[in-house]
There are 2 protein chains.
Amino acid sequence: MGLREVKRERTRRLIADKAFELFSDNGFGRTTVEQIAAAAEVGPSTLYRYFPTKEGLVLEFVDDCLADAVDWFHQQPAMDLPDGLRAVIERVLEQLERNPERIRAVFDLAEQTGSVSAHLNELIWRFRTDLADELVRRLPTDDPRRSEFVAALSAGIAMNIIETVVRVWVDTPDTVEAKALARRAMRLLSTGGVPLPGAPDA
Amino acid sequence: MGLREVKRERTRRLIADKAFELFSDNGFGRTTVEQIAAAAEVGPSTLYRYFPTKEGLVLEFVDDCLADAVDWFHQQPAMDLPDGLRAVIERVLEQLERNPERIRAVFDLAEQTGSVSAHLNELIWRFRTDLADELVRRLPTDDPRRSEFVAALSAGIAMNIIETVVRVWVDTPDTVEAKALARRAMRLLSTGGVPLPGAPDA
DNA sequence: TGGGAATTTGGTAGTGACTACCATATGGCT
DNA sequence: AGCCATATGGTAGTCACTACCAAATTCCCA
């Protein structure tokens, strides 16, 4: 790896770190990109070459975690769907748990700022569709409509567990661990502890 | 109701309709709020008094549908959770089905434009939390942590069904009806047609 | 090692969403 | 008619973000 890429990574990190610093000091809305650029000692146009939007500064880590999990799942060997879902869920949580303070900071910012929350939800939604695409490959192809439907619902369930667990986890003074919570959620679902909506005639 | 409120509603509708017209003609990104204001024959500052953001113009109807459903559910008599979830799901779909073309237009715009998609996801997420708040009231209070957890997961499942059904529905040349799809989804979930993630030791 | 090619950078100028504010106009009521 | 509350339009400004260009930096190979 050349000097170029090293420098690139360094400035990238520097910008993101300075951004988090300023956001937590002054709030997202009261921090301008010019201030961030100045703090990282780069020009604003350089900042925009690294991050597409102001919100992107905040969400890069989450994005990386989710992208990694999809990638990882993509190259996992075949396994049946329940195990697959569990594996993806745990993979995402492992990735997120690599950096608990950052995750907490991200969710704090999302709670305070509408546009961050919106972008975060957008990210989550993209993960859901990516995961659904991955799941559909592991389902029978005889009835594609049905398989797509099942994949979408399954991806939604996985995402639901992840999101719920993470939100509880970030609100909890860090004694709980995310994977244990996730297992509790899975158990609640599979034993009827969480009631599923009743179909009227089935 | 006085003349004032009538006029208010009329201009509100006028603005939103003109906005949709321009969006579908020229695209969301290539339409400015000034153009919309001009088309509706109001000043830009008036437009912003009616709608908080450009995206709000697009999403008002969805927002109303979801808010109505939460409201409606709030004043429903007690019922057990599976029935409650089914009822909310069907209520939302009924509301959305009142105006299929608009829903289709909204999802088309969301697909093309990131910021619209983000705001839509934000809306959906708010509905999810509102619904969870409502559900927790109907759960036992002896273990509040557990009840909140169950409520969050349940709301997520309901939202998941709604979202999946609507996305299939808007992509389908309108022969299918949404509630039938939703019932299919419920049946798939309650009969194991959709595999739940397997808890490792339960 | 020197020099041209490719890439990265900072700066400028501009667009457009959105806000704060004020003067004017309009409907509601006595 | 005339007063009060509210609705409106306009102005001026901030800030995120884009397109573009000229200068600096890194890379690579003769």
Side-chain angles (χ1 to χ4, degrees), chain A residues 1-16 18-20 22-23 25-60 109-110 112-120 122-123, chain B residues 1-16 18-20 22-23 25-60 63 109-110 112-120 122:
Chain A
M1 180 166 49
L3 176 58
R4 231 168 212 166
E5 318 216 355
V6 172
K7 264 183 112 174
R8 267 182 71 84
E9 279 318 298
R10 192 162 37 201
T11 38
R12 176 178 209 88
R13 284 273 278 269
L14 183 63
I15 293 171
K18 290 289 179 189
F20 265 92
L22 288 167
F23 288 156
D25 285 354
N26 312 333
F28 185 83
R30 266 178 299 284
T31 307
T32 68
V33 282
E34 275 189 63
Q35 287 168 5
I36 300 168
E41 291 170 313
V42 295
S45 55
T46 301
L47 187 149
Y48 277 111
R49 242 172 240 117
Y50 283 94
F51 299 93
T53 63
K54 197 180 166 189
E55 290 81 12
L57 283 164
V58 176
L59 297 174
E60 193 193 31
L109 286 170
Q112 290 161 17
T113 309
S115 72
V116 176
S117 175
H119 276 72
L120 174 59
E122 172 75 1
L123 227 64
Chain B
M1 180 166 49
L3 176 60
R4 229 169 212 167
E5 317 216 357
V6 173
K7 261 182 111 175
R8 266 184 73 84
E9 278 318 297
R10 192 164 36 203
T11 39
R12 178 178 207 86
R13 285 271 279 270
L14 183 64
I15 293 171
K18 289 290 179 187
F20 265 92
L22 288 167
F23 288 156
D25 284 356
N26 312 333
F28 184 84
R30 266 178 300 282
T31 306
T32 69
V33 280
E34 276 190 62
Q35 287 168 4
I36 300 167
E41 290 170 313
V42 296
S45 54
T46 301
L47 186 150
Y48 276 111
R49 240 172 243 116
Y50 283 93
F51 298 92
T53 63
K54 197 179 166 190
E55 288 82 11
L57 284 163
V58 176
L59 297 173
E60 195 194 31
D63 199 13
L109 286 171
Q112 291 161 17
T113 310
S115 73
V116 176
S117 174
H119 277 72
L120 174 60
E122 172 75 0

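Source: prediction; values computed, not measured. Note on naming: letters A, B, ... go to the chains in the order of the sequence lines (proteins, then strands), and numbering restarts at 1 for each one. We use all heavy atoms of the structure for the numbers below, so side chains are in, but hydrogens, waters and symmetry mates are not.
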Hey, does the side chain of Lys18(A) reach the backbone of Glu41(A) with a donor-acceptor pair shorter than 3.5 angstrom? no
Test item: Thr113(A) side-chain N/O and Ala110(A) main-chain N/O as donor-acceptor pair under 3.5 Å: no
Thr11(B) has a side chain; which of dT8(D), dA17(C), dC17(D) sits nearest to it? dT8(D)
Between dT9(C), dC18(C), dA5(D), which one does the side chain of Arg4(B) approach most closely? dA5(D)
In this structure, how many angstroms lie between the [atom2] atom of [N] and the [atom1] atom of [X], rounded?
{"X": "Arg12(A)", "N": "dT9(C)", "atom1": "CZ", "atom2": "P", "answer": "11 Å"}
{"X": "Glu34(B)", "N": "dG10(D)", "atom1": "CD", "atom2": "P", "answer": "11 Å"}
{"X": "Leu47(B)", "N": "dG9(D)", "atom1": "CG", "atom2": "C1'", "answer": "13 Å"}
{"X": "Arg49(A)", "N": "dT25(D)", "atom1": "CZ", "atom2": "P", "answer": "15 Å"}
{"X": "Lys54(A)", "N": "dC17(D)", "atom1": "NZ", "atom2": "P", "answer": "8 Å"}
{"X": "Glu55(B)", "N": "dG16(C)", "atom1": "CD", "atom2": "P", "answer": "15 Å"}
{"X": "Glu9(A)", "N": "dT7(C)", "atom1": "CD", "atom2": "C1'", "answer": "16 Å"}
{"X": "Tyr48(B)", "N": "dG10(D)", "atom1": "OH", "atom2": "P", "answer": "16 Å"}

Which atoms form the tightest heavy-atom contact between Ile36(B) and Leu22(B), and what is the distance? CA-CD1, 3.7 Å
Is Tyr50(A) close enough to dT9(C) that one of its side-chain N or O atoms is under 4.0 Å from OP1 or OP2 there? yes
Within the structure, does a side-chain N or O atom of Arg8(A) lie under 4.0 Å from either OP1 or OP2 of dT8(C)? yes
Does Arg30(B) get its side chain close enough to the base of dG16(C), under 3.5 Å, for a donor-acceptor pair? no
Indicate, with a heavy-atom threshold strictly under 4.0 Å, whether Thr31(B) touches base, sugar-phosphate, or nothing. sugar-phosphate
Of Ser45(B) and Lys7(B), whose closest DNA chain C nucleotide lies nearer the 5' terminus? Ser45(B)
Using the side chain to side chain contact (heavy atoms under 4.5 Å, CB included) rule, take Phe23(A) and Gln112(A) through it: C-alpha gap first, then chi angles, then the decisive distance, then the call. CA-CA 11 Å; Phe23(A) 288 156; Gln112(A) 290 161 17; over 6 Å; no
When you compare the side chain of Phe20(B) with that of Val58(B), does any pair of heavy atoms fall below 4.5 Å? yes
